[in-house]
Number of protein chains: 2
Amino acid sequence: MSSRMQTDVAKDQLRELILDGTYPSGARLTEMEVAAALEMSRTPVREALRALAADGLVRPSGRGVVVAALDRDHLDEAYQVRAALEALTAELAATRQSEGRIAPADLVALRDVANETAAVTAEGRFADAVRLNRRFHRLIAELAGNSMALLTLERIWDQIQVSTLRSLAPPSRPAHVSGQHEDLVSAIILGHADEAAKVARAHVLDTRTVTNSKGEPA
Amino acid sequence: MSSRMQTDVAKDQLRELILDGTYPSGARLTEMEVAAALEMSRTPVREALRALAADGLVRPSGRGVVVAALDRDHLDEAYQVRAALEALTAELAATRQSEGRIAPADLVALRDVANETAAVTAEGRFADAVRLNRRFHRLIAELAGNSMALLTLERIWDQIQVSTLRSLAPPSRPAHVSGQHEDLVSAIILGHADEAAKVARAHVLDTRTVTNSKGEPA
DNA sequence: CTTGCATCCATTGCATGCAATACATGCAGC
DNA sequence: GCTGCATGTATTGCATGCAATGGATGCAAG
């Protein structure tokens with residue numbers, strides 16, 4: 001049964017196509033179109049679309065579904081939830097580290113990703129930067145050892161990503177963001193749970209301000 | 001389209017049956033059984049089961065699905081996420097209150113539910129207490145005005161509820177719990193955001209300890 | 001040129017058929 | 001009596017047919 005059903009294939013492929021902007025937000029998808037594109041029947045496509053709707057990536061709109069985008073208010077809400085959860089994962093990761101339950105190699109990997117993210121951002125490779133940034137935050141969530149938090153965050157990240165795709169802008173202060181990442185890594189490595197939580201929350205809310213405000217001056 | 005499809009009916013009914021213990025955790029459900037019980041074909045049932053699986057209420061298990069229960073570790077994870085999110089909603093609700101954006105009647109309603117919860121708990125009507133307790137927490141999430149947080153919490157509440165159904169035990173210190181509810185209501189009414197967050201987090205983690213520990217003495 | 005309405009048809013929601021398959025059952029060998 | 005394998009069967013995953021529906025289209029009236 002677990003042999004990757006077509007439903008799963010369809011869901012993963014559609015998710016990918018939505019998150020990389022091939023199907024931009026607002027695009028209308030019909031079962032038959034997608035079925036034709038993925039060369040399968042309507043049934044698995046239908047199930048995939050419903051699953052994506054449950055994840056908030058598409059939204060039923062009259063006939064068929066459209067790729068969803070959060071409006072400004074809902075995007076703000078998503079960032080608030082994300083901030084709360086990333087504060088949690090950062091805190092948990094730092095705590096585990098202070099208890100010696102995190103492998104040094106994992107911390108090295110985390111720092112490497114942070115550095116790589118800073119590098120590609122500085123180079124202006126924004127698509128790569130988005131991917132690495134997300135990987136950075138996911139690594140922390142994984143270090144937290146809370147699968148429920150990770151799962152919940154993945155859903156929220158997806159929604160934020162699809163909602164901010166069109167404004168695929170560089171951070172206004174790349175060095176600032178990289179510095180925050182660095183601070184977060186340090187707090188985790190040092191096992192400072194409260195500090196890690198504080199930095200993580202501030203970082204997420206800061207990111208929200210940058211990507212989601214009209215004209216916040218530096 | 002929005003005219004309550006059979007898929008939705010099936011999902012809601014099954015969710016209800018699972019949450020009230022009619023289908024206890026571990027019970028195996030087959031598409032055909034459910035289809036017969038709900039008097040519809042396999043297709044909408046199938047979609048409902050997949051939706052419930054995405055919500056974590058059932059889990060595919062070989063042929064068919066079984067009603068899911070979180071093991072001790074995952075239940076702990078769920079409580080951590082819940083604590084983080086309820087701290088957020090309490091904080092947001094208090095903030096809105098301090099900004100005068102909450103109708104007095106809503107606060108009265110909140111206090112009423114808290115009192116009623118305390119009353120039925122004291123009376124030993126535990127099933128009612130569970131329902132009211134959940135309503136209490138949901139009211140706060142609604143006052144927070146963050147639909148994403150509310151949605152996320154609903155999912156987690158569902159999973160916790162189905163996982164703790166069998167131990168439908170009274171809180172070991174009902175007055176203690178009621179006092180925490182009271183403190184939370186007060187913090188929100190006074191608009192003390194930080195305090196509300198702190199109390200909410202502590203309350204959830206306290207609940208976890210009580211319901212999820214082996215033999216914590218009173 | 002715009003507005004209202006009737007018609008049409010694309011598209012969905014649901015039912016059902018069919019093949020694949022995982023699990024249970026029972027039998028043989030040890 | 002226990003273990004391993006073969007066979008049978010229940011149940012799924014997917015495809016497809018059919019009726020319902022709602023949005024688009026075109027026409028007529030103002």
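Rounded to the nearest 0.5 angstrom, Thr89(A) OG1 and Arg96(A) CZ are separated by 12.0 Å.
If you take CD of Glu47(B) and C1' of dG13(D), they are 13 Å apart, rounded to a whole angstrom. To the nearest angstrom, C1' of dC14(C) lies 13 Å from CG of Asp8(B). Atom CG in Leu49(A) sits about 14 Å away from atom C1' in dG13(C), given to the nearest Å. Rounded to whole angstrom, the span from the CE atom of Met5(A) across to the C1' atom of dA19(C) amounts to 17 Å.
A donor-acceptor contact shorter than 3.5 Å is absent between the side chain of Arg201(B) and the backbone of Glu86(B). Side chain of Arg28(B) to main chain of Arg63(B): a donor-acceptor pair is present (N/O by atom type, distance under 3.5 Å, no hydrogens or angles).
Taking the charged nitrogens against the carboxylate oxygens, Arg111(B) and Asp106(B) have no contact shorter than 4.0 Å, which rules out a salt bridge. For the pair Asp55(B) and Lys11(B), the salt-bridge criterion is met [side-chain N within less than 4.0 Å of a carboxylate O].
Residue-environment remark: CZ (Arg131(B)) stays at or below the threshold of 12 foreign heavy atoms within 6.0 Å.
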Discussion item. Could you walk me through whether Val58(A) and Val66(A) satisfy the side-chain contact (heavy atoms from CB on, under 4.5 Å) test, starting with their C-alpha distance in whole Å, then the side-chain angles of each, then the deciding distance to 0.1 Å, before giving a yes or no?
Written reply: CA-CA 6 Å; Val58(A) 302; Val66(A) 298; over 6 Å; no
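Residue Thr43(A) places none of its side-chain N or O atoms closer than 4.0 Å to OP1 or OP2 of dT16(D).
Contacts with DNA chain C (heavy atom under 4.0 Å) in residues 50-59 of chain B: none are found. Using a 4.0 Å cutoff on non-hydrogen atoms, the parts of residues 27-42 of chain B near DNA chain D are Arg28(B), Thr30(B), Glu31(B), Met32(B), Arg42(B), ordered by number.
No hydrogens or angles were tested; on distance alone, a donor-acceptor pair under 3.5 Å links the side chain of Arg63(A) to the base of dT21(D).
For His203(A), the ring pair (Phe, Tyr, Trp, His ring centres under 6.0 Å) partners are His137(A), His181(A), not counting sequence neighbours.
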